[in-house]
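So that the names make sense, note that chain A is the first sequence line, chain B the second, and so on, each numbered from 1.
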There are 2 protein chains.
Amino acid sequence: MGITERKEREKEQRKNAIIDAAEKVFFSKGLDAATMDEVAEAAELSKGTLYLYFQNKYDLYLAINSRGLDIMNAMFEKAFQSEEKGLDKITAIGRAYYEYYKQYPDYFNSMIHWDAHSIDMTLETENARECGQKGNKALEIVARAVQAGVDDRTIRSDIDPLKTAPVLWGLATGILHMLATKADHLIEEHSDIVGFKNQDEMVEYAYRLIRFSLTNHIT
Amino acid sequence: MGITERKEREKEQRKNAIIDAAEKVFFSKGLDAATMDEVAEAAELSKGTLYLYFQNKYDLYLAINSRGLDIMNAMFEKAFQSEEKGLDKITAIGRAYYEYYKQYPDYFNSMIHWDAHSIDMTLETENARECGQKGNKALEIVARAVQAGVDDRTIRSDIDPLKTAPVLWGLATGILHMLATKADHLIEEHSDIVGFKNQDEMVEYAYRLIRFSLTNHIT
DNA sequence: TTATAAAATGACTATTGGTCATTTAATATA
DNA sequence: TATATTAAATGACCAATAGTCATTTTATAA
């Protein structure tokens, strides 16, 4: 009898329905301002039910973030596949990261909040673990791309993939964080300090710099 | 009569005493878990008094962050002065940033929270403005260093200081954020993905890469 | 049809950010 | 010095909300 399976499936569906509702509420109001009552309302469930599926408010937020990471990793995989050469794979992943930021700003922001929260709170839930694993997966994709670049000589041979991948990740994340949190203000209000017309230009410039550091320049 | 001046001074002192107390509480418990009652208790004042000096909890947190930015900028200025050549100034500032992260991890973390908060909440208080200005000042110091490097030819002549400064800032911040939020976990638990023994090594590697991208390599 | 198990509910509690009428202290005035 | 006025501090209070749990409802098994 497939009753257990069906129930399992329904449970998963309900869980996803809650996450759907939570996205709407959290993304429109922000994590702090959003209330669990509002999420319950949006999900057409009672508040108590939410806590049958998620340990607490932040655990639910991590479930949202986990979804975002899936989308991001899918975009990374696609970018990886789309190019032949290692260096081009890296560039493609970098562009995919920027695309992710632009197409899914709310998911991207959830990553920033995840980061900030990890400083003073470590949650030991399934969602927290999944987020961690998916973060590692992103790193692995980058590492594979760097390795490919070392192998096909499109990047400098003295580059260590296991060192370069996390560094590239940090560098790109730093730029995109800046876009998400400060860039617009700087570009619009402080053109005397920041010489970019828009975000595209800043990403292009930053990526070119990074790319430059990976390639060989001895003639 | 200097009564007004003295009162002004006392007000400032009280404000600082509150920030002192708030640092202890916020840094030990984290922004969310800390309560205003605890801050009041630590400051030996009633809770109501806190709100005579700060608009709300987060405004008080920004006052803490503002202090951190002062320390950071002072370290940057010192680093800038410590070297003759532009490229060395940039390197020194980068190292000062890392030193700041290590010596004042709590202040550094407050910057991360500031970032994250700026996504869904913009506070229009004096402390918020001060933080913004001090952030810009950091950027200016970097820009001056880059300009010096262009002038003395220690960095590539096609580098635009007003573009490069914010990018460098984003890159370095990205690396240090990673150290603050993920690096230890990655280094200890995922040595198969991340090839660093410790944080020092990661910063060295990342900075070398960035430095490489600023210098001339045509023989 | 009845018993059992699973899922959902929503009233309730505890916590806490923020307020404000009242009190206390400091300064100015007579 | 005594009194009036202004400034600073207080803490009881309120509203909002995360999280709980005894009770009810629904689904499944006997």
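- Checking A:Tyr107 against A:Glu23 by side-chain atom types alone, a donor-acceptor pair falls below 3.5 Å.
- If you check every strand for non-hydrogen atoms under 4.0 Å, A:Phe54 touches nothing.
- At whole-Å resolution of the value, CD in B:Glu41 and C1' in C:dT15 are 17 Å apart.
- Whole-Å rounding puts the A:Tyr61 OH to D:dA18 C1' distance at 17 Å.
- The distance between atom CD1 of A:Ile18 and atom C1' of C:dA8, rounded to the nearest whole Å, is 11 Å.
- The side-chain hydrogen bond (donor to acceptor under 3.5 Å, both in side chains) test with A:Asn136 singles out one residue from B:His185, B:His190, B:Glu189, and that residue is B:His190.
- Residues B:Phe108 and B:Tyr104 place their aromatic rings such that the two centres sit no closer than 6.0 Å.
- Rounded to whole angstrom, the span from the NZ atom of B:Lys11 across to the P atom of C:dA26 amounts to 16 Å.
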Return a table of donor-acceptor pairs under 3.5 angstrom between the side chains of residues 9-17 of chain B and protein atoms on other chains or two or more places apart.
| from | atom 1 | to | atom 2 | distance (Å) |
| --- | --- | --- | --- | --- |
| B:Glu10 | OE2 | B:Arg6 | NE | 3.3 |
| B:Asn16 | OD1 | B:Arg67 | NH2 | 3.3 |
| B:Asn16 | ND2 | B:Glu12 | O | 3.1 |

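- Between the P atom of D:dG19 and the CD atom of A:Glu38 lies a distance of 15 Å, rounded to the nearest Å.
- A donor-acceptor pair shorter than 3.5 Å cannot be found between the side chains of A:Ser118 and B:Lys182.
- Using a 4.0 Å heavy-atom distance criterion, B:Leu52 is classed as a base contact.
- The phosphate of C:dA8 has neither OP1 nor OP2 within less than 4.0 Å of any side-chain N or O from A:Thr49.
- Summarising the geometry, the separation between CG on B:Leu45 and P on C:dA25 is reported as 14 Å, rounded to the nearest angstrom.
- When distances are taken from the side chain of B:Lys7 to each of D:dA9, C:dA6, C:dA26, the shortest belongs to C:dA26.
- Look at CD on A:Glu5: it is 19 Å from P on D:dA27, rounded to the nearest Å.
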Set out, line by line, the N/O atom pairs under 3.5 Å between protein and nucleotides 16-19 of chain C.
| from | atom 1 | to | atom 2 | distance (Å) |
| --- | --- | --- | --- | --- |
| C:dG17 | OP1 | B:Ala34 | O | 3.3 |
| C:dG17 | OP1 | B:Lys57 | NZ | 3.1 |
| C:dG17 | OP2 | B:Met36 | N | 2.8 |
| C:dG17 | N7 | B:Lys47 | NZ | 2.9 |
| C:dG18 | OP2 | B:Tyr51 | OH | 3.1 |
| C:dG18 | OP2 | B:Lys57 | N | 2.8 |
| C:dG18 | N7 | B:Lys47 | NZ | 3.1 |
| C:dG18 | O6 | B:Lys47 | NZ | 2.7 |

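- Side-chain atoms of B:Asn127 and B:Tyr61 form no donor-acceptor pair, as typed in the model, at a separation below 3.5 Å.
- As a whole-Å value, the separation of B:Lys29 NZ from C:dT15 P is 12 Å.
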Atom pairs and distances, side-chain donor-acceptor, residues 169-178 of chain B, under 3.5 Å, sequence neighbours left out:
| from | atom 1 | to | atom 2 | distance (Å) |
| --- | --- | --- | --- | --- |
| B:Thr173 | OG1 | B:Tyr97 | OH | 2.8 |
| B:Thr173 | OG1 | B:Trp169 | O | 2.7 |

